[in-house]
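Taking it in order: structure first as structure tokens, then the write-up.
Both counts, for ligands and for their atoms, begin at 1 and track the order of listing.
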Amino acid sequence: MGNDLAAFAKENGVKYFMISYTDLFGGQRAKLVPAQAIADMQKDGAGFAGFATWLDLTPAHPDMLAVPDPASAIQLPWKPDVAWVAANCIMDDKEVEQAPRNTLRRLIAEAATDGMHVKTGVEAEFFLISPDGSVISDKYDTASKPCYDQQAVMRRYDVIAEICDHMLALGWSPYQNDHEDANGQFEMNWAFDDVLATADKHSFFKFMVKSVAEKHGLRATFMPKPFQGLTGNGCHAHISVWDKAGKTNVFADNAMELGLSAKGKNFLGGIMKHASALAAITNPTVNSYKRINAPRTISGATWAPNTVTWTGNNRTHMVRVPGPGRFELRLPDGAANPYLLQAVIIAAGLDGIRSKADPGKRYDIDMYQHGHTVKGAPKLPLNLLDALREYDKDKSLKAALGEEFSSAYLKLKHQEWNSYASHFTQWERDHTLDI
Ligand code: ADP
Ligand code: MG
Ligand code: MG
């Protein structure tokens with residue numbers, strides 16, 4: 001599309017724009033703006049009371065303005081009257097540092113100063129569940145190894161195909177859809193893109209999947225571990241770095257181990273070095289830590305890591321190099337903020353490149369069987385508090401993401417942890433009443 005949202009509305013019959021920004025907890029916040037008012041809003045932004053969302057602002061702060069980025073506009077395929085557009089948050093004529101899309105844009109600009117153009121893809125797994133959230137939606141989906149279940153995926157054909165048709169129409173180049181490893185769980189894949197485009201698509205994908213599921217009387221959840229004993233919702237990220245023009249993959253070097261160039265190894269080294277700290281962002285909820293470090297699921301494997309290790313084409317490690325010129329970070333989960341996920345990857349990777357970080361020894365073992373034989377590789381944080389403390393200790397990562405961002409994020413996430421810790425559970429009664 002061009003850059004003029006009013007013209008976009010006229011050409012496509014759009015009646016409303018949904019000017020949307022993402023807060024620190026990954027919540028998507030929007031105002032519905034009639035097309036006749038969009039020209040001014042495109043210039044000045046839509047006003048929001050920032051305190052009312054998770055951005056660590058106070059009620060006394062001036063209005064925050066969400067200025068739409070026209071390059072991100074998408075007419076809702078399931079409701080063409082409306083177009084969604086991602087916005088950048090401004091206050092007092094300055095970018096709000098802790099607003100996640102700004103954080104990512106800053107890191108992209110930082111990478112560009114080193115001639116780096118990051119491209120990523122994500123695999124945002126989800127469950128289709130009952131509207132009240134208590135059970136999976138398909139009572140016949142009970143196999144102990146349900147991955148790729150042909151019959152079960154066809155029972156949800158109407159939902160899956162509708163979402164895939166929308167991705168086809170949007171030109172995202174989707175290429176496969178499957179029933180995932182847990183009962184009720186699905187994955188849909190589309191082609192990787194420039195990192196900001198992937199973050200916008202990831203946000204929109206979550207919105208679209210939830211909306212289409214609701215249309216069919218279902219509910220979709222990206223919660224990291226919605227059901228005990230079943231595989232959780234991962235959100236693996238695939239990463240490559242290209243030259244400034246985005247034409248040549250500088251991670252690719254067929255003469256090197258696993259086809260990963262020295263630059264790629266250093267970027268990976270940064271991810272390995274900062275892994276325990278970056279988990280605070282890639283695994284941002286209390287529930288996230290029930291997916292990583294989990295006991296074996298009914299299907300036989302969690303498919304999630306518990307230790308900071310890397311390998312070739314082997315899905316039992318935190319990082320997998322599936323083929324030349326890219327690697328897969330298997331740590332992130334469905335709760336990861338689409339913008340902060342990419343921002344923290346760039347922050348850690350850039351530090352790795354600048355410090356020529358060594359990713360360390362590669363282990364080609366089955367980590368679920370033989371993980372105990374690995375000596376010296378750090379265990380991933382066991383809970384959100386551990387991860388927040390690791391993040392707080394990691395001065396260079398905090399600085400790379402921005403001091404204002406880091407202090408806002410840590411403050412709000414500690415509050416969330418404290419709210420959880422002050423919650424009384426049945427478990428403690430069961431284990432403490434008769435003590
Ligand atoms: P998996 O084998 O881990 O399930 P998928 O095929 O589900 O992998 O997802 C792979 C993702 O990685 C897709 O989004 C794909 O476009 C993306 N991808 C492939 N090559 C690259 C690359 N060079 N850089 C970044 N992402 C890539
Ligand atoms: Mg996949
Ligand atoms: Mg994967």
Side-chain angles (χ1 to χ4, degrees), residues 108 111 116-127 146-149 153 160 163-164 167-168 170-182 185-206 209 222 224 231-243 245-254 256 258-261 263-265 267-268 271 282-283 291-292 299 301-305 310-334 336 338 341-342 345-346 349 367-368:
I108 292 170
M116 287 169 46
H117 183 124
V118 181
K119 299 195 187 194
T120 58
V122 288
E123 308 172 52
E125 295 168 346
F126 61 92
F127 283 72
C147 207
Y148 315 123
D149 189 322
V153 77
I160 301 297
I163 298 166
C164 191
M167 292 199 278
L168 287 163
L170 293 172
W172 289 14
S173 306
Y175 58 90
Q176 61 186 4
N177 309 295
D178 65 28
H179 190 291
E180 261 303 320
D181 193 54
Q185 191 186 34
F186 300 88
E187 180 176 319
M188 309 184 67
N189 300 116
W190 68 90
F192 69 99
D193 204 340
D194 292 348
V195 62
L196 184 63
T198 286
D200 284 336
K201 287 177 183 173
H202 183 187
S203 300
F204 188 82
F205 180 75
K206 293 181 82 170
V209 169
F222 294 83
T231 296
N233 281 324
C235 186
H236 305 161
H238 292 251
I239 303 138
S240 55
V241 169
W242 299 62
D243 64 352
K247 292 273 188 284
T248 307
N249 181 348
V250 299
F251 273 12
D253 185 346
N254 284 331
M256 299 281 288
L258 300 172
L260 198 59
S261 69
K263 226 179 188 148
K265 285 262 163 54
F267 195 105
L268 173 57
I271 298 283
T282 54
N283 307 73
R291 169 181 164 266
I292 57 175
S299 72
T302 62
W303 302 109
W310 71 283
T311 185
N313 196 353
N314 167 344
R315 295 173 193 265
T316 65
H317 293 256
M318 187 187 81
V319 171
R320 173 174 76 115
V321 183
R326 65 164 154 151
F327 66 83
E328 175 189 44
L329 179 61
R330 301 178 58 81
L331 178 59
D333 64 44
L341 165 60
Q342 304 297 341
I345 287 171
I346 299 178
M367 274 304 282
Y368 301 141

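Nearest protein neighbour of atom 15 (C) of ligand 1, counting heavy atoms only, is Tyr175 OH, 3.6 Å. Among protein heavy atoms, atom 12 (O) of ligand 1 sits closest to His238 CG, 3.0 Å. The nearest heavy-atom contact from the protein to atom 1 (P) of ligand 1 is Arg320 NH2, 3.4 Å. Shortest contact from atom 4 (O) of ligand 1 to any protein heavy atom: Glu123 OE1, 3.0 Å. Residue, atom and distance of the protein heavy atom nearest to atom 19 (C) of ligand 1 are Arg326 NH1, 3.3 Å. Ranking protein heavy atoms by distance to atom 18 (N) of ligand 1, first place goes to Phe192 CD2, 3.4 Å. Atom 22 (C) of ligand 1 has Ser240 OG, 3.4 Å as its closest protein atom, hydrogens excluded (heavy atom only).
Contact record, His202 with Val122: CG-CG2, 3.9 Å, taken as the closest heavy-atom pair. In terms of heavy atoms, Thr311 sits closest to Leu258 at O-CD1, 4.1 Å. Of all non-hydrogen atoms in Val153 and Asp178, the two that sit nearest each other are CG2-C, 4.2 Å. Counting all heavy atoms, side chain and backbone alike, Phe127 lies closest to Ala182 at CZ-CB, 3.5 Å.
Between the side chain of Arg330 and the backbone N or O of Arg315, at least one donor-acceptor pair lies under 3.5 Å. Using modelled atom types, no side-chain atom of Asn189 and backbone atom of Glu123 make a donor-acceptor pair closer than 3.5 Å. Of the possible donor and acceptor atoms, one in the side chain of Gln185 sits under 3.5 Å from a partner among the backbone N and O of Gly232. Checked by atom type and distance alone, the side chain of Asn314 pairs as donor or acceptor with a backbone atom of Thr316 at under 3.5 Å. Using a distance-only test at 3.5 Å, with no hydrogens or angles considered, a donor-acceptor pair links the side chain of Lys206 to the main chain of Gly334. At distances below 3.5 Å, not a single donor-acceptor pair connects side-chain atoms of Thr248 with backbone N or O atoms of Val250.
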For a side-chain contact (heavy atoms from CB on, under 4.5 Å) check, start with the C-alpha distance between Trp303 and Glu180, then their side-chain angles and the critical distance, and finish with the verdict.
CA-CA 11 Å; Trp303 302 109; Glu180 261 303 320; 5.9 Å; no

Step by step, work out the ring-ring contact (aromatic ring centres under 6.0 Å, His included) result for Phe186 and His179.
CA-CA 4 Å; Phe186 300 88; His179 190 291; 5.0 Å; yes

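Contacts of Trp190 with ligand 1, taken as heavy-atom pairs under 4.0 Å, involve the backbone alone.
Inspection of the environment of the Mg ion (ligand 2) yields the following protein N, O or S atoms under 2.8 Å: Glu123 OE1, Glu187 OE2.
Checked against the Mg ion (ligand 3), the N, O or S atom of Glu328 at the shortest distance is OE2.
Set against the non-hydrogen atoms of Lys119, the atoms of ligand 1 under 4.0 Å away are 24 (N), 25 (C). Atoms of ligand 1 lying under 4.0 Å from at least one heavy atom of Arg315, given by number and element, are 1 (P), 2 (O), 3 (O), 4 (O). Every atom of ligand 1 with a heavy atom of Glu187 under 4.0 Å away is listed here by number and element: 7 (O). Near Glu328, with a cut-off below 4.0 Å to any heavy atom, the atoms of ligand 1 are 3 (O). In the vicinity of Gly121, heavy-atom distances shorter than 4.0 Å reach the ligand 1 atoms 14 (O), 26 (N).
Looking at Phe204, Trp172, Tyr175 one by one, the single match for ring pair (Phe, Tyr, Trp, His ring centres under 6.0 Å) with Trp190 turns out to be Trp172.
Assignment of Arg330 to the shell around ligand 1 is not supported, since no heavy atom sits closer than 4.0 Å. Ligand 1 is approached by Ala191 to a heavy-atom distance shorter than 4.0 Å.
Gln342 and Thr120 form a side-chain donor-acceptor contact under 3.5 Å, judged by distance and modelled atom types alone.
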